[in-house]
Amino acid sequence: MTTASDIGLAGATAVEIAALIRTGKVTAAEVVESSLARVDALDDSLHAFVERTDTMAREQAAQVDAAFARGDDPGPLAGVPIGIKDLIATAGVPTRNGTVVYGDWIPDEDDIVVERVKNAGAVILGKTTVPEFGYSAVGHNPVSPPARNPWNPELTPGGSSAGSAVAVATGMSPLALGSDGGGSVRIPASLCGLVGFKASMGRVPLYPGCRDERFPGMSSWETIEHIGPMTRTVADTALLMSVLAGPDPRDRHSLPAGDVDWLGAISEGPARSLAGKRIAYSADLGYLPVDPQVRSIVAAAVESFEKLGATVVEADPGIDDPRPYIWPIVMADSDLVGMRGLVAQHRDRMSPHLVELIERRWTAEEFTTAQMMRKRVVNQMWRFMQNYDLLVTPSLAVPAFPIGIQGPELIDGRMVDSGSWLGFLNIFNWTGQPAISVPAGFTTDGLPVGLQIAGPHLGDAEVLAAAALFEQERPWHSRWPELGELTLDGTREEYRTR
């Protein structure tokens, strides 16, 4: 089994790297060269990055080392490499959004989260692969090679934060930023064996993404979008959240700071138990088909919460199935006029499923019915959560599946639509509740399976504390994909994980 020690600095966590640099045991320059070497070795096969920023990364690392030499403190992420999802604006760096439409676009300003990681001393390695405009839960698009799952490169890593997950899962980068409008941080976290956190709506402010009306496609998803960390450990998630969270006047949804001690939530958590906590466990929300291995793996993992002192109750939240209303919510948030103009110019070079969504003749009744369903689900969920501290579910209904499709059409012997496998996730985008995906175990084929922990509205600290305790009970971050000798298309004759 490949271990962190086998791959040197590339196997270190963000917390470990930050400490090594701060204590002078390594330099930021040494760390960035290690990451870039890892990208050189793997990314021609796995396609985590669509734009590398090697020069910028080396310059940022040199600035960190110079700051420490002067006796200055560059910030809590000083010298720690990070990948930035290619839906997140990065000044001076091409941000193509997985589409020909923005093939030449170079933003003149950073997204708020990019500003914050830069100010905290992070080193940006590049932009990571996404499906077109993020309107998909997988990792392929019309303009760049598909991101590949490092546990089996013939399979999808999930999306839309596809490349970010691949970068972290392989040690190319200890940290990455993803965005999550319907699960797009938690999906690839589950399929790639990572921690993916969607904080409460408004914890992490967004701009210009979702907020700038000048950019059709980019300006979508406003009422459901979140940006969040993708990491190998809960501690790394807490570290990155301590940098990302806090209000900004450019995002009217942003929340005041101060009610969550991000690092304290996890440093205190492992010293405590979950004694006195009531946790609801729902294997299928009462209506979702779930792969039998996923169901079994998550059920076994849930027993850990009882060992930690919690009372676990099998209970479905009793919500109406929101899946038929997901795309009306998204499209009501979108600039349909602007996007239809883009389709008129580029139809043959855009994703067919996206073109179909844009060209469909939506009615006002479809949009308003979906809004009423969202209100109904929000009310059903807060009422349910009054009886429980946390809700635990599988993150996804299936493990990873082959590249090139939007989702499996058969789950546990039932014919399903291609989005059925995502049914545990978008609820919490609608409600704004915090939710995290953490590794629960592996299938017999060696594929990761995620477990989702959701908390009540603004219950971010409780979610992170529970995730940290679960990680302590079932440590996972020492296990790495056995990559072997990959070919340029990401395959090998005998692919296996150990």
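Predicted, not measured: the structure shown is a model, and the values here were computed from it. Every heavy atom of this structure was used, including side-chain atoms; hydrogens, water molecules and symmetry mates were not.
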Self-check item: Between OG1 on residue Thr99 and CG on residue Leu342, distance to nearest 0.5 Å
Solution: 7.5 Å
Exercise. Report yes or no: does Trp362 contribute a side-chain atom to a donor-acceptor pair with the main-chain N or O of Leu357 at less than 3.5 Å?
Key: yes
Quiz item: Is a side-chain donor-acceptor pair under 3.5 Å present for Asn429 with Asp180?
Solution: yes
Quiz prompt | Side-chain (Thr90) to main-chain (Ile88) donor-acceptor, under 3.5 angstrom | solution = yes
Quiz item: Between atom OG of Ser395 and atom CZ of Arg186, what is the distance when rounded to the nearest 0.5 Å?
Solution: 8.0 Å
Quiz item: Would you say the side-chain atoms of Glu225 pair up with the backbone N or O of Gly181, donor to acceptor, closer than 3.5 Å?
Solution: yes
Exercise. Run through Val100, Asn97, Thr129, Asp86 and flag the one making a side-chain contact (heavy atoms from CB on, under 4.5 Å) with Asn141.
Key: Thr129
Practice problem: Using a 4.5 Å cut-off on heavy atoms from C-beta on, say whether the side chain of Ile227 contacts that of Asp111. | Solution: yes
Practice problem: List the atom of Arg479, the atom of Gly446, and the distance in Å for their closest heavy-atom pair. | Solution: NH2-CA, 4.4 Å
Quiz item: Taking all non-hydrogen atoms of both residues, which atom of Leu336 and which atom of Met331 are closest, and how far apart?
Solution: CD2-CE, 3.5 Å
Quiz item: Thinking salt bridges, do Arg360 and Glu366 make one under a 4.0 Å N-O criterion?
Solution: yes
Quiz item: Which value, rounded to the nearest 0.5 Å, describes the distance between Ser144 atom OG and Lys127 atom NZ?
Solution: 12.5 Å
Self-check item: Any donor-acceptor pair under 3.5 Å from Asp333 side chain to Ser220 backbone
Solution: no
Quiz item: Between Trp430 and Val378, what is the shortest heavy-atom contact and its length?
Solution: O-CG2, 3.7 Å
Quiz item: In this structure, are over 12 heavy atoms from other groups packed under 6.0 Å from Glu409 atom CD?
Solution: no
Self-check item: Distance in Å, Thr311 OG1 paired with Glu306 CD, rounded so as to fall on 0.5 Å steps
Solution: 8.0 Å
Exercise. With rounding to the nearest 0.5 Å, note down the distance linking CE in Met381 to CZ in Arg376.
Key: 13.0 Å
Practice problem: Provide the closest heavy-atom pair for Arg38 versus Gly171 in the form atom of the first, atom of the second, distance. | Solution: CG-O, 3.6 Å
Quiz item: Would you find more than 12 non-hydrogen atoms of other residues, nucleotides or ligands less than 6.0 Å from His253 atom NE2?
Solution: yes
Exercise. Mark yes or no for whether Gln433, through its side chain, and Gly455, through its backbone, hold a donor-acceptor pair below 3.5 Å.
Key: yes
Practice problem: Could you tell me the separation between the CD1 atom of Ile405 and the NE2 atom of His140, rounded to the nearest 0.5 Å? | Solution: 8.5 Å
Quiz item: Under 3.5 Å, side chain of Asp43 to main-chain N/O of Leu46, donor-acceptor pair present?
Solution: no
Quiz item: With ring centroids as reference points, do Tyr135 and Trp221 lie under 6.0 angstrom apart?
Solution: yes
Practice problem: Measure from the side-chain N and O atoms of Asp251 to the backbone N and O of Gly202, and report whether any donor-acceptor pair falls under 3.5 Å. | Solution: no
Quiz item: Between Glu213 and Asp335, is a side-chain contact (heavy atoms from CB on, under 4.5 Å) present by the stated rule, with each step listed?
Solution: CA-CA 8 Å; Glu213 79 289 349; Asp335 177 3; over 6 Å; no
Quiz item: Can Trp476 and Arg232 be said to form a side-chain contact (heavy atoms from CB on, under 4.5 Å), step by step?
Solution: CA-CA 9 Å; Trp476 59 73; Arg232 291 188 60 82; 5.7 Å; no
Self-check item: Glu462/Lys277 salt bridge by N-O under 4.0 Å criterion
Solution: no
Exercise. Report the C-alpha distance between Thr237 and Thr231 in whole Å, list the side-chain angles of each, state the deciding distance to 0.1 Å, and finish with yes or no for side-chain hydrogen bond (donor to acceptor under 3.5 Å, both in side chains).
Key: CA-CA 6 Å; Thr237 289; Thr231 70; 2.8 Å; yes
Quiz item: Under the 3.5 angstrom rule, does the side chain of Ser161 hit a backbone N or O of Ser179 as a donor-acceptor pair?
Solution: yes
Quiz item: Judged by atom type as modelled, is there a donor-acceptor pair below 3.5 Å linking the side chain of Arg474 to the main-chain atoms of Ser304?
Solution: no
Self-check item: Ser296 side chain vs Pro292 backbone, donor-acceptor pair below 3.5 Å
Solution: no
Exercise. For the residue pair Lys198 and Val185, establish whether any side-chain heavy-atom pair is separated by less than 4.5 Å.
Key: no
Quiz prompt | Stepwise side-chain hydrogen bond (donor to acceptor under 3.5 Å, both in side chains) check, Ser351 with Glu132 | solution = CA-CA 7 Å; Ser351 302; Glu132 190 166 18; 2.8 Å; yes
Quiz item: Taking the side chain as C-beta and beyond, is there a heavy-atom pair between His353 and Gln406 under 4.5 Å?
Solution: yes
Quiz prompt | Validation row, ring centre Phe305 to ring centre Tyr281 under 6.0 Å | solution = no
Exercise. Flag the pair Leu483 / Pro150 as yes when at least one side-chain heavy-atom distance between them is below 4.5 Å, and no otherwise.
Key: yes
Quiz item: Do the non-hydrogen side-chain atoms of Ser160 and Lys85 ever get within less than 4.5 Å of each other?
Solution: yes
Quiz item: Is the distance between the ring centroids of Phe442 and Trp151 under 6.0 Å?
Solution: yes
Quiz item: Can you tell which of Leu155, Val449, Asn149 makes a side-chain contact (heavy atoms from CB on, under 4.5 Å) with Leu191?
Solution: Asn149
Quiz item: Any side-chain heavy-atom pair from Ile411 and Trp421 closer than 4.5 angstrom?
Solution: yes
Exercise. Using the side-chain hydrogen bond (donor to acceptor under 3.5 Å, both in side chains) rule, take Gln371 and Arg374 through it: C-alpha gap first, then chi angles, then the decisive distance, then the call.
Key: CA-CA 5 Å; Gln371 296 289 359; Arg374 172 161 59 180; 2.6 Å; yes
Quiz item: Hey, is Arg414 close enough to Asp412 for a salt bridge, meaning N to O under 4.0 Å?
Solution: no
Self-check item: Derivation and outcome, side-chain contact (heavy atoms from CB on, under 4.5 Å), residues Val101 and His346
Solution: CA-CA 7 Å; Val101 172; His346 304 284; 3.7 Å; yes
Practice problem: List the steps and the verdict of side-chain contact (heavy atoms from CB on, under 4.5 Å) for Met415 and Leu410. | Solution: CA-CA 5 Å; Met415 294 299 297; Leu410 187 70; 3.7 Å; yes
Exercise. Taking all heavy atoms of Leu354 and all of Met350, pick out the closest pair and write down the distance.
Key: CD2-CE, 4.1 Å
Exercise. Kindly give the heavy-atom pair with the smallest separation between Gly450 and Val298, and that separation in Å.
Key: O-CG2, 3.8 Å
Practice problem: Please lay out, stage by stage, how Arg148 and Glu154 fare under the test salt bridge (Lys or Arg N to Asp or Glu O under 4.0 Å). | Solution: CA-CA 7 Å; Arg148 294 181 177 274; Glu154 296 179 3; over 6 Å; no
Quiz item: Side chains of Ser437 and Gln452: do they bring a donor and an acceptor to under 3.5 Å?
Solution: no
Quiz item: Do His226 and Arg203 come within less than 4.5 Å of each other through their side chains, counting heavy atoms only?
Solution: no
Quiz item: Going by heavy atoms in the side chains, are Thr369 and Tyr325 under 4.5 Å from each other?
Solution: yes
Practice problem: For Ser420 and Arg323, run side-chain hydrogen bond (donor to acceptor under 3.5 Å, both in side chains): C-alpha distance rounded to whole Å, both residues' side-chain angles, the deciding distance at 0.1 Å, then the answer. | Solution: CA-CA 8 Å; Ser420 181; Arg323 289 174 296 168; 2.9 Å; yes
